Amino acid sequence: MPELPEVEVTRRGLLEPLSGRTICRITWSGHRLRTEIPRQLLAEHIAGQQIRTIDRRAKYLLLRMAGNATLLIHLGMTGKLGVMAEATARHKHDHLVLLLDNGMELRFNDSRRFGAIAVWPAEHALACEREFSGKEGLEPFGDQFTPKNLLRLARNRQVAVKSLLMNARLIAGIGNIYANELLFAARIHPLTPAGRLSARQWQRIIAEARQVLQTAIEAGGSTIADFLGASGHPGYFQLQFKVYGRKGLPCLECGRPLIKTSQAGRATYHCPLCQPTPRP
DNA sequence: CAATATACCTGGATGC
DNA sequence: TGCATCCAGGTATATT
């Protein structure tokens with residue numbers, strides 16, 4: 001389940017095998033993803049281009065071409081990127097395959113097809129970048145991720161703090177797993193109305209968000225997957241979650257059984273003692 | 001406008 | 001064993 005750490009681990013894993021490579025041929029499965037795969041734009045603006053570097057914004061990977069075009073990739077729920085020899089057998093759900101100039105292929109595999117592919121032609125690079133970035137929320141490691149800005153975003157809002165943290169238009173990269181984990185780390189109940197949090201509590205959320213995300217990145221992301229970097233070692237290792245998926249198990253801090261609820265249609269975990277219900 | 005519900009997908013787990 | 005049902009969650013869109 002790729003959230004910010006998994007996307008960042010993927011970015012770092014792909015940097016070495018892809019930088020400087022030229023894309024020789026592009027093939028696709030014929031299936032659409034969350035959006036239609038822009039075959040025409042891929043053929044016109046990405047095929048034949050050399051990959052300069054890879055950036056990340058929110059949960060998106062941005063493959064920057066030497067000619068200034070950009071290939072945007074979103075992993076959705078089940079998307080995986082891998083680099084392997086052209087001769088390696090294709091897998092079911094390999095939806096986009098980029099043949100590189102060294103005989104390797106970058107393959108995008110996505111069983112549920114919640115992922116997305118977009119192309120920014122070089123001549124529209126600035127406008128596309130601005131429009132895209134304007135729709136995405138604050139980066140948790142960015143200098144705009146401050147108590148002041150979060151107080152402003154949450155002002156007069158009744159929405160639960162967990163929902164606000166997961167709102168990609170407001171805050172980038174935090175999905176259901178890390179929202180649960182960081183709220184436990186900050187000792188804040190997921191249902192707390194966002195507008196009621198103090199600057200001090202937001203400061204705590206910011207600090208714990210960065211800590212949890214950074215730890216996950218260093219652990220290699222939290223999803224067990226078959227992504228292999230060029231080095232050949234597995235890209236992901238399971239993170240030891242403190243609350244996510246631990247319904248009924250003892251809280252690692254106080255021993256109380258953890259509680260699972262459903263909030264806005266999402267599995268939500270918290271400790272009844274460490275994260276007390278906000279008073280009405 | 002704010003908040004919630006639903007659609008998009010497949011595969012794995014569970015129930016009968 | 002087979003078949004139905006539910007659940008997982010990122011994001012866009014619809015509804016209340």
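Predicted model only: the values in this text are computed from it and were never measured. Letters go in sequence order (proteins before strands), and every chain restarts at 1.
- In this pair, A:H189 and A:H270 present their aromatic rings tilted. The plane angle is within the 30 to 60° band.
- To the nearest angstrom, C1' of C:dT11 lies 11 Å from NZ of A:K135.
- Between A:K92 and B:dG11 there is a side-chain N or O to OP1 or OP2 distance below 4.0 Å.
- Rounded to whole Å, the separation between the P atoms of B:dA7 and C:dT5 comes to 16 Å.
- Among all heavy-atom pairs drawn from A:R39 and A:G30, the shortest one is NH2-CA, 3.7 Å.
- Nearest to the side-chain atoms of A:H93 among the listed nucleotides C:dG10, B:dA3, B:dT10 stands B:dT10.
- A:L63 pairs with exactly one of A:L18, A:I23, A:T70, A:L14 by the side-chain contact (heavy atoms from CB on, under 4.5 Å) rule, that one being A:L18.
- Scanning all heavy atoms of the two residues, the minimum distance from A:C274 to A:C271 falls at N-SG, 3.3 Å.
- The CZ atom of A:R169 sits 17 Å away from the P atom of C:dG10 (whole-angstrom rounding).
- Across all strands, A:A116 comes closer than 4.0 Å to no nucleic acid atom at all (heavy-atom distances).
- What separates NE2 of A:H31 from P of B:dT10 is a distance of 7 Å, to the nearest Å.
- Distance noted for atom C1' between C:dA12 and B:dG11: 23 Å (whole Å).
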task: Starting from the C-alpha separation in whole Å, work towards a yes-or-no answer on side chain to side chain contact (heavy atoms under 4.5 Å, CB included) for A:I51 and A:L106.
output: CA-CA 12 Å; A:I51 301 168; A:L106 172 66; 5.7 Å; no
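- Applying the 4.0 Å criterion to OP1 and OP2 of C:dT11, one finds that A:H74 has a side-chain N or O inside that range.
- Rounded to whole Å, the separation between the P atoms of C:dT11 and B:dG12 comes to 23 Å.
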task: Let me see the working for A:T268 and A:K162 under side-chain hydrogen bond (donor to acceptor under 3.5 Å, both in side chains), right down to the final yes or no.
output: CA-CA 9 Å; A:T268 301; A:K162 177 165 176 266; 2.8 Å; yes
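- Between the P atom of C:dT11 and the CD1 atom of A:I117 lies a distance of 14 Å, rounded to the nearest Å.
- Of all heavy-atom pairs spanning A:P190 and A:A160, the tightest one is O-CB, 3.4 Å.
- Taking atom NZ of residue A:K247 and atom P of nucleotide B:dA13, one finds them 17 Å apart after rounding to whole Å.
- Listed by chain and number, the hydrophobic cluster partners of A:M84 come to none, as no ILVMFWY side chain reaches under 4.5 Å of it.
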query: So what's the dot-bracket for DNA chain B: Watson-Crick or G-U pairs under 3.5 Å, [ ] if a pair crosses, | if it pairs off-strand?
result: .|||||||.|||||||
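- Taking atom CE on A:M77 and atom C1' on B:dG11, their separation rounds to 11 Å, with Å as the unit.
- A:F108 has its side chain within reach of A:L75: a pair of non-hydrogen atoms, C-beta onward, lies under 4.5 Å apart.
- In this entry the distance linking CZ of A:F132 with C1' of C:dT11 reads 12 Å, nearest Å.
- The six-membered or imidazole ring of A:F132 lies near that of A:Y60, with a centre-to-centre distance under 6.0 Å.
- Minimum atom distance to the side chain of A:A168 is reached by C:dT11, of the listed C:dG10, C:dT11, B:dA3.
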Report, one pair per line, the protein and nucleotides 6-9 of chain B atoms (nitrogen or oxygen only) whose separation is under 3.5 Å.
from: B:dC9; atom 1: O3'; to: A:R113; atom 2: NH2; distance (Å): 3.3
from: B:dC9; atom 1: O2; to: A:R112; atom 2: NE; distance (Å): 2.5
from: B:dC9; atom 1: O2; to: A:R112; atom 2: NH2; distance (Å): 3.2
from: B:dC9; atom 1: N3; to: A:R112; atom 2: NH2; distance (Å): 3.1

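- The distance between atom CG of A:L4 and atom P of C:dT11, rounded to the nearest whole Å, is 11 Å.
- The phosphate of B:dA3 (OP1 or OP2) has no side-chain N or O of A:K162 nearer than 4.0 angstrom.
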